[in-house]
There are 2 protein chains.
Amino acid sequence: MVEEALTAERILEAAEEVLRRFGPAKATVVDVARALGVSHGSVYRHFPSKTALRDAVAERWLARVSKPLAEVAAEEGPAPERLRRWFDLLIALKRSKARDEPELFATYQNLVADARDVVRTHVDTLVSQVARILTDGVEKGEFSIEDPLASAWAVFNATVRFHKPIHASEWSDPGIDAAFEGVWSLILGGLGAREAPAKARKKPSKK
Amino acid sequence: MVEEALTAERILEAAEEVLRRFGPAKATVVDVARALGVSHGSVYRHFPSKTALRDAVAERWLARVSKPLAEVAAEEGPAPERLRRWFDLLIALKRSKARDEPELFATYQNLVADARDVVRTHVDTLVSQVARILTDGVEKGEFSIEDPLASAWAVFNATVRFHKPIHASEWSDPGIDAAFEGVWSLILGGLGAREAPAKARKKPSKK
DNA sequence: TGACTGACAGATGTTGACTTTTGTCAGTGC
DNA sequence: GCACTGACAAAAGTCAACATCTGTCAGTCA
């Protein structure tokens, strides 16, 4: 049987599995190497440090969050509803990660606590997606705001309680959904949300 | 000189001083007793546990936050500006506590992490103050909202990043004030804030 | 030659004996 | 009697010896 070559990709998969099973506190580089049947020195051929490996695992994991969100951001149709769907999905994704992959979620929480670049990049990605929806809405006359990127940041900041991992323990409060509704109507008002005026409404795009 | 009687009040003062000096991790009941020249058993005559003592210290400390805020909430004049002054003061108070009394602030952070009743009560107090300002503004036609208490919670939730101790590390970010401005204009819009119409209670037709 | 190993040094984490702290209460003396 | 003490048990915290982990590198072997 031919041994499969040791690649960064294979290491990442093994590392994710090890993190999922043991959690960030117990997972070691030796565990990852053992899962691959190599010495731990080999892992350092592909990643300069354990931190870099952890960041790379998180990056993949975060890409699996932002990709479906990007799809929602790119949808057609009224921006206000799309914005809401986008946040509903963001919140649902975060909650399900916290519930179904607690160890990986804990890894991500450590990352946030360390204020790693990988997290900043992820947040920037998410905020640009929101900005895209807002820009779209402004063009269609569905939002009345001056600076979509600034507003995107504002919306993101205002909803921090509902998607930032540091608040994860509050997500099981019975009133959490009602609290979000309250913040949401504040936001819609603040964005000057309304139905697209007939003459401003764009024809279905077919580019 | 006659020994002063040992009262809950004197114990609280000593406990606050001990907490301020040693911080929540190092302060012991024996330290508090020593500062008062009594045995630690005596302290337990007045407080059932160290936790109860810590909570009582925090309660006093929080009262010193909510009292000046209550004064702002009770002021006359336009509600939107008052609301803004109220939040500016809240944020300034929290930041100065974090900066000038780091040990007591750490005590409070522990309290929040433990989700103690004393914190819930404090938050309820603050939210009612906001609700009071909102109610006032609704009566004067300065806000158009249905449920001032629900909106007060929404405003509080939307500004969490700027006053909740768990976010204290973000308060020194250079962009934090700009971020607050962004959220604030969202909020003002969401509350339907406007100048008081000459004749209150009449639905406005234009800006 | 170059991917990989394995032995190694220093850093970090764990363990368990020991110390301190919390909380109780019978006893003291005012 | 009451307000307080001081001795105590159980719980929690400390610390140093020991073990494991991270990161490096000279050496192996295909």
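Chain identifiers are assigned alphabetically (A, B, ...) following the order of the sequence lines, protein sequences preceding nucleic acid strands; residue numbering begins at 1 within each chain. Worth knowing before you read on, the calculation uses all heavy atoms, side chains too, and leaves out hydrogens, waters and symmetry mates.
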_Summary of protein contacts for nucleotides 5-27 of chain D, nucleotide by nucleotide, where a base hit scores B, a sugar-phosphate-only hit scores S (4.0 Å, heavy atoms)_ = BB-------S------SBBB---
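Rounded to an integer number of Å, the gap from CZ of F47(B) to C1' of dA3(D) is 16 Å. Rounding to whole angstrom units, CD1 of residue I11(A) and P of dC4(C) are separated by 8 Å. One interatomic measurement links the two molecules: CZ of F22(B) to C1' of dT20(C), which rounds to 15 Å at whole-angstrom precision.
A ring-centre distance under 6.0 Å is not found for W171(B) and F162(B).
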Could you give the side-chain donor-acceptor pairs of residues 61-71 of chain B under 3.5 Å, partners two or more places apart or in another chain?
{"unit_1": "W61(B)", "atom_1": "NE1", "unit_2": "E101(B)", "atom_2": "OE2", "d": "3.4"}
{"unit_1": "R64(B)", "atom_1": "NH2", "unit_2": "E16(B)", "atom_2": "OE2", "d": "2.7"}
{"unit_1": "S66(B)", "atom_1": "OG", "unit_2": "L62(B)", "atom_2": "O", "d": "3.4"}

Using a 3.5 Å cut-off and no angle test, enumerate the donor-acceptor pairs between side-chain atoms of residues 102-111 of chain B and protein atoms at least two apart in sequence or in another chain.
{"unit_1": "T107(B)", "atom_1": "OG1", "unit_2": "E103(B)", "atom_2": "O", "d": "3.0"}
{"unit_1": "Q109(B)", "atom_1": "NE2", "unit_2": "P165(B)", "atom_2": "O", "d": "3.1"}

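A donor-acceptor pair is defined here as one N or O able to donate and one able to accept, closer than 3.5 Å; no such pair exists between the side chain of D136(B) and the backbone of R132(B). Proximity of a side-chain donor or acceptor of E142(A) to a complementary backbone N or O of R194(A) within less than 3.5 Å is not detected.
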